[in-house]
Amino acid sequence: VIRKETRVRFASIVLSAVCLAAAPQAAQYRRVVGAPETFNATAQVRGPLGVAAANIHVIVQRYTPPGERRAVESALETGGYPAFLTALRRASGVGHVEYGTSRFTIRYARETTADKGRRIEVITDRPMYFVGGDAPDFKPRTGFEVAALRMEMDEVGMGSGVMAAAARLRPAPGGGVEIDDYADQPIKLVTVTRVIR
Amino acid sequence: MGQRSRLSVHLLCGTLFLSATLRPVFAQSENRGCFDTRVEPAAVTSTAYASTGAATCSRRHPALVAVPGRPTANAIPTQRRARLGAPETFSATADVIAAPGAATTRIHVVIQRYTSEAERAAIEGALGIGGYSAFLAALRSSSDLGYVEHGTARFPIRYARETTTDRGRRIDVVTDRPVFFVGGGAPEARSRTGFDVAVLRMEVDEIGFGSGVMAAAARVALADGAVEIEDYAERPIRLVTVTRKLSSAFSTAPRHASSSPAPHTSLAWTGRSDDRKRSTRPATTGSSGNG
C-alpha cells in the first residue's frame, strides 16, 4: 500500500512539473506566432478524371499593413475587379507561394483569429495553375489573374485550407468578397503545417 | 525378427517404388507448376482451365497436375490464341509523377479491330514521304478502329497494331486528336500547336496483364527509319496495371485485320529535351500477323 501511494505521489509530482513547464511554453508560442512564417501544404484535387496532388509552400514575410489592405479592399468595392487588380499589383510583396520551381508573389496576406486558432488569407498577383486547363477543350483563361488561398490553422500550427489556383474576385452582393474559381472545384489544402524554425 | 525384417524390406521397396514413380512427376510439376507462366498461363480464359485449375495446389497433389495437365496443355494455347485479338478492351491506370506533384487517372482502350495492312502501309508511307502533315491527313482519313476513353471523353483510334513479343504482345495505338496536355494548365505552358495526336504503347502478357507508356499529346516524325514521338509532356505518362477485360476475351467476333506479317515500324520517344529521349528500338521480335 505504501509503495502504491509513493507511486501515485511521484506521478502527480511529475504531472505538475510537466504542466508548470508547459504553461510558459504556450505563452511563448503565442508570442512566436506571426510573420515571418512558412507553411507547407499538400494540395489535392479530386475530380471525375482522377486525383492529383502537389506540395506547395507559403512563405509570409509579413502580413499586409492595414493601410494597404484597406486600399486593396476598397478598390474592389468601388472599382470592381480591374481596380482591385491594379491596387493589388501596386501593393508591396509580402512573401511568395512556391510550387515546384515557380514562385508567385503574395501581394495580400491577412491573418484573423478564429475559433480554433487563426485564419490566413493570401492572394498572389498572378494565377498559379489552371486546373482543367490541360484538357484539349479547355475553357478560356481570360480574367483569372490571381490565386487565392485560405488556411485555417490551430494553435499548434496544424491545419487545412482551400485554394483557387486561378481566380477572379468580385464584391459579394451582401458584403465581402466572392471568388470565381477557374477550376470546377477548389483545391483542398490538406495537412497544412507551420514550419518550426 | 523375421517379421520385422520382412516389414523393413517391404517398406524399403515401397519407398524406392514411390520415389521412382514420383520423381518425374515432381519434376514435371516443378517445371510446369500452376505458377509457372512459361506454361499456358492464359488458360484462365479457356475452358481447359478447369482441369489445370486444380493445379494451383500442385505441390500437394503432383499427380493431379501431371496426368490431366498433359493432354490439355497443347489445347490451351490454341484456344487462347483464338480468343485473343480484337475486339478487346484494356483498362489502365495512368500515372504522372513530376517534380511538383503526381496525378493518376483511369483510361480505357477499346479496340474494335486492328489496322489492316493496307491502311498501315498508307499511314506509315505518308509519314515517310510527306512528313507529319501527310501522316495526319492519312491517319484522319483511315477508318475508326475504336476509342480511348478518359472520363466522359472519347478519342477515336485511327491506328492500332499488335505485335508478338517474348512475353506476350505489344499494342501500339494512335488517336486522331490529343487526349490531354500534361502541364498545359500552367500559366507559362508551352504552345500546344502541332501536338495533334495521342500515342499509347502497352506491353501485355499472355493473360492480359501488363504496363505501358502514353504520350497524351504528341507529334511524330520519321528519323533513321524509325518513328520518333515527341511528347508534349516532360515525360511520358506511365500506364500501370494494364488489364485486358475478360468480357471481350470471350468474344467470338471475327478478326478483321489482315493476316500478312509485316515488319513493325519502331517507335522512339522524345521529351522536351534530348536528355529525355528514350528509344524503344528494337521494336519487336516479330509480327503477330494481325495487321
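Convention: sequence-line order gives letters A, B, ...; per-chain numbering from 1.
The part of V179(B) that comes within reach of chain A is its backbone (N, CA, C, O), which places non-hydrogen atoms under 4.5 angstrom from that chain. For a residue to count as touching a neighbouring chain, one of its non-hydrogen atoms must lie under 4.5 Å from one of that chain's; by this rule V51(A) touches chain B with backbone and side chain alike.
Contact tally against chain A (heavy-atom pairs below 4.5 Å) for P187(B), G101(B), A94(B): the top residue is P187(B). Contact count against chain A (heavy-atom pairs under 4.5 Å) is highest for G185(B) among G185(B), A189(B), G184(B). Here G133(A) is the residue among G133(A), G50(A), A43(A) with the most heavy-atom pairs under 4.5 Å with chain B. Comparing H150(B), E188(B), R177(B) by how many heavy-atom pairs each has under 4.5 Å with chain A, the most go to H150(B). Between chain A and the residues P178(B), A186(B), G151(B), the largest count of heavy-atom pairs under 4.5 Å involves A186(B).
S142(B) places a side-chain N or O within donor-acceptor distance of the main-chain N or O of R158(B), the cut-off being under 3.5 Å.
Shortest non-hydrogen contact noted between A35(A) and R62(A) is CB-CA, 3.4 Å.
A salt bridge links D125(A) with R107(A): the closest approach of a Lys/Arg side-chain nitrogen to an acidic carboxylate oxygen falls below 4.0 angstrom. We find that R120(B) and E117(B) are joined by a salt bridge, their nearest charged nitrogen and carboxylate oxygen being less than 4.0 Å apart. Salt-bridge formation is not detected for the pair D172(B)/R161(B): no Lys NZ or Arg NE/NH1/NH2 atom is positioned less than 4.0 Å from an Asp or Glu carboxylate oxygen. Under a 4.0 Å N-O distance rule, the pair R169(B)/E88(B) qualifies as a salt bridge.
Counting only residues at least two apart or on different chains, the side chain to side chain donor-acceptor pair (under 3.5 Å) pairs with a member in residues 170-190 of chain A are R168(A)-D180(A), R170(A)-E178(A).
Contacts between residues 136-143 of chain A and chain B, counted as heavy-atom pairs separated by less than 4.5 Å, involve P136(A), F138(A), R141(A).
The side-chain tip of R219(B) does not point at the ring of Y132(B) from less than 6.0 angstrom away and within 45° of straight on. Annotation: cation-pi pair R190(B)/Y232(B) present, NZ/CZ under 6.0 Å from the ring centroid and within 45° of its normal.
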